[in-house]
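These notes are about the structure you will find just below.
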Amino acid sequence: MKKNILIALATIGILTSCKNETKDTINKEVSLKEVNVYTHRHYPTDQELFAQFENQTGIKVNVVNASADELMQKMMQEGEQSPADVLITVDAGRLVKATDENLLQPISSETLNTTIPEHLRAENGEWYGLTKRARVLAYAKDRVQPEDLSTYENLANADWKGKILVRSSGNIYNQSLMASIIANNGKEAAKAWAEKVVGNMARNPKGNDRDQIKAVVAGEGDIAIVNTYYIGKLLNSKDPVEVKAGERVGIFFPNQNGRGTHINISGAGVAKYAPNKENAIAFIEYLASKEAQEVFAKANYEYPVNPAVSASPLLQSWGNFKEDTLSLSELGKNNKSAVMLFDVVGWK
Amino acid sequence: MFKGIISIPKLHIRRDTNKWSIITLIIVCFVAIPVITIAIKLLMGPGESWGHIVENVLLDYSLNTLFLSVGCIILTGFFGVSAAWIVSRYHIPLGKTLEWMLILPLAMPSYITAYAYAGLFDYGGTFQRILESIGLPAARLSVMNMYGLIVVLSVSLFPYVYVSARAVFLYQSNRLIEASKMLGAGETKTFFTLILPIARPAIVGGLILVIMEVLNDYGAAKYYGVSTFTTGIFRSWFSLAEPATAVYLSALLLLVVFLLLYFESKQRGNKGYATLTKSAVQLPKLKVSKRRAFFLSSIASIPVILGFVIPVGQLCYWAVLTYAEVLNASFFKIALQSLGIAVITGVITVFFAVLILYIPKWNRLKILKKSSRIAILGYAIPGAVIAIGIMIPTLALDKWLIEISNQLFHIDIGLLLNGTIFILIYAYVIRFMAVAFNPLKGSSIKISEGLAESSQLLGAGKLKTFFKIEFPLLKTGLFSAFILVFVDAMKELPLTLILKPYDVNTLAVKAYEFASDELILESSIPSLCIIATGVVPIIVLNRLILK
């Protein structure tokens, strides 16, 4: 019996010692200057920016990393007790969804409204874009003439049968592209488009954006639908083969004569029940500042949202492009229809 | 909730109720909470897109999952059983080394094996370079499809079958085999008509673990573009934003798992381990011709090479390219945190598994035996679903505590449980209870019940009997259980992502962060660390099985 009690005590001891440790940090949260950030971004540069923010303001940045969907589920479950101050996602669709689920609160910040263009932020200030990426076509330089490329709509053309490479529809960037096509052309047209693109695919969707580019170079198909950001990553890879693959594709910005190339953002909003609202606003303002935007632009092959900051030399070498100024809120509104359309047309 | 359940035995079977049965029921309740939460959610009906899912994708999910499971059963069954028989029956070159190397793939998270193979056969990958270097045309082998997925999952999961089959093969009665031979049956016939049927319950037990892992896989299937039930669960939960629909899909999956467990227990019940208890002597190994020994040795090496040597080689190559950027002080901190969490999880899970296993034995309450089945269900539920099943009730408790402390003491205590390591470990314990329970049950079955009965007849109490008689005999099972849970906790991803506290990170999460950012090369370092921390305990585990 004694031994049993000892074991029980030991277990309780272990459990409570772990608990106390974390309880302390929670208590601190109330008294100290800090900001709790739920983020889908997990790049080393982000950590540097957070550290700089800490140095400048003395506000400690606590980070929870997970996918945006999981973070949003977490915030929903936590409700009013949620310790989250800021939610950062890597696409606009999720930010709109978070707004619809009542997870974010509108803020008014003169700084943010002047630095961030209107179509890159929510009308009522629930969320703000921080960086941009464009969804472009990476084509085989030796097999495709850029003159033959024109629009996303053109990818439905029977000429491209067996030539198109794209990742699965579970990916948010594809969902947002589809949502923009629904918003611009209507549901019926979008469905017909997706059906034909599926018919033109070189293979079943699989892998990530980098894999699509490598498949173009390997000759599995001629055109890959990818984000600019990943081409940058490929060109700066540690693996020489990946660098070579990046060099062998050309980059085409679709719809330049029409509405412009589909773009998406990585952005942030203040949580509805943020315990440190002021710190949260200061934090987002810092990320939109010239100083932070320069870091974003340099390190991650993303386009800065702050017009005062120019893109990295690599991105500039691809030339300027006209971007679709469709309000990004539309991407969120049409997200669910996009996913369901993908299911219906069999875009895996 | 607890009150209701505890009062049932009191009302009906007063005589058989004691403090032990109550403790077990409380533990079972704690473990069953997520399952119950999901069941309640189920009663509330699916989301509005359920019709859409049934119409457009359900058939696809079901057929893919079925095909994948059957493929993995066949392949893991073949790899596991053949390797186990060869290393336990024959003197072969490298026999001793193969014995433990065959368990090593357990240390590999299957999604990492999947990444490694995709990279290996990629454009400009290692496979092409080897072909080029020996002057062959640079052909490409496509692995990112259903067949590739079956192979990748099978080579990472076959050790579950290997371990359980070998445990039976090793202690097979030689007299039985001799008798069979004297009656004129050859080696092959003896294996198929005698050995295999005797080992069947153990093999099926291993296969069930394989299926549960296959059903739970998300990373590998998603990357290879195969839509399964689990990718469907994530899709309806996150892409369609309908947790209720996701729960419905999980429930369908759970139903299948329930049926599997039911059949397994039925066939176990019929066969039992009668032959096992009688023979504690290891089967002497056969000597065969050199050529045959070499052939057998190569057959047994194939799964090790595919499941461990090749993927680890690929990861090492990537690690050489990227180590300078990944290894730093914060990385070592993460490694230590991972290790600590996995050790604590192992100890607690094994402790609870022993209670759940033993207390029903000391008790005549039927309900206890039944309820222990619920307690091991966690392994069948996708990690992300468990996370939600835990968050809903614990947040309710947290909110209730906040209200109470506000009213009574006027203090805001904040969330006491959620966002702490306590909840994370609680979730792990639920998830891995079956992993600890099965080897313990395996060892405990081998202990003759007469031993404990005699001890108690001689006046020793239940606890004294347990610690003096059963515990020493159970040691192997206890350590095996601990090691399996430890290795699984090191690899765990979906639960950890949702429930982990601030300032705590694990190697699996780090590897995932890199991979989800398409930095597959960089993810090799945390992956190799997970594998390395798994390899040593697995070698220890092998020693324990041999003892």
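All of these numbers come straight from a predicted model, not from anything done at the bench. Numbered from 1 within each chain, the chains take letters A, B, ... in sequence-line order.
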Contact class of Phe514(B) relative to chain A, heavy atoms under 4.5 angstrom:
neither
Which atoms of Tyr512(B) come close to chain A, meaning under 4.5 Å heavy atom to heavy atom: side chain ones, backbone ones, both, or neither?
side chain
Cation-pi check, Arg210(A) onto Tyr230(A) ring (under 6.0 Å, within 45° of axis):
no
Name the orientation class of the two ring planes belonging to Phe30(B) and Tyr426(B) (parallel below 30°, tilted from 30 to 60°, perpendicular beyond 60°).
perpendicular
Could you tell me which portion of Tyr223(B) (side chain, backbone, both or neither) has an atom closer than 4.5 angstrom to a non-hydrogen atom of chain A?
both
So for Met391(B), is it side chain, backbone, both, or neither that comes closer than 4.5 Å to the heavy atoms of chain A?
side chain
For Glu242(B), is it the side chain, the backbone, both, or neither that has a heavy atom closer than 4.5 Å to a heavy atom of chain A?
side chain
Residue Asp60(B) versus chain A: region with a heavy atom under 4.5 Å:
side chain
Please find the pair of heavy atoms, one from Gly148(B) and one from Tyr224(B), that lie closest to each other, and give the distance.
C-CE2, 4.0 Å
Counting only heavy atoms closer than 4.5 Å, note whether Leu240(B) contacts chain A via side chain, backbone, both or neither.
both
Determine the option with the most heavy-atom pairs under 4.5 angstrom with chain B, choosing from Lys348(A), Glu242(A), Met340(A).
Met340(A)
Out of Lys233(A), Arg41(A), Glu101(A), return the one with the most heavy atom pairs under 4.5 angstrom to chain B.
Lys233(A)
Answer with side chain, backbone, both or neither: which region of Lys244(A) has an atom nearer than 4.5 Å to a non-hydrogen atom of chain B?
neither
With a 4.0 Å cut-off on N to O distance, would you call Glu302(A) and Arg133(A) a salt bridge?
yes
Give me the atom names and distance for the closest heavy-atom approach of Val166(A) to Gln212(A).
N-OE1, 3.5 Å
Heavy-atom proximity to chain A below 4.5 Å, by part of Ile520(B):
side chain
If we only count heavy atoms from C-beta on, is the Ile88(A) to His40(A) side-chain gap below 4.5 Å?
no
Are Lys206(A) and Asp211(A) close enough for a salt bridge, meaning some N to O gap below 4.0 Å?
no
Does Phe127(B) have its ring centroid less than 6.0 Å away from the ring centroid of Phe121(B)?
yes
If one checks every heavy atom of Ser169(A) against chain B at 4.5 Å, the contacting part turns out to be both
Is Ser142(B) in contact with chain A via its backbone, its side chain, both, or neither, using a 4.5 Å heavy-atom distance?
side chain
Can you tell which part of Leu321(B) gets under 4.5 Å to a heavy atom of chain A, answering side chain, backbone, both or neither?
both
Under a 4.5 Å heavy-atom cutoff, which of Asn204(A), Asp209(A), Asn335(A), Leu71(A) has the most pairs with chain B?
Asp209(A)
Highest number of heavy-atom pairs under 4.5 Å with chain B: which of Gly219(A), Ser168(A), Gly93(A), Ala218(A)?
Ala218(A)
Any salt bridge between Glu522(B) and Lys238(A), counting N to O under 4.0 Å?
no
Got a sec, which residues hit side chain to side chain contact (heavy atoms under 4.5 Å, CB included) with Asn102(A), two or more places apart in sequence or on another chain?
Lys272(A)
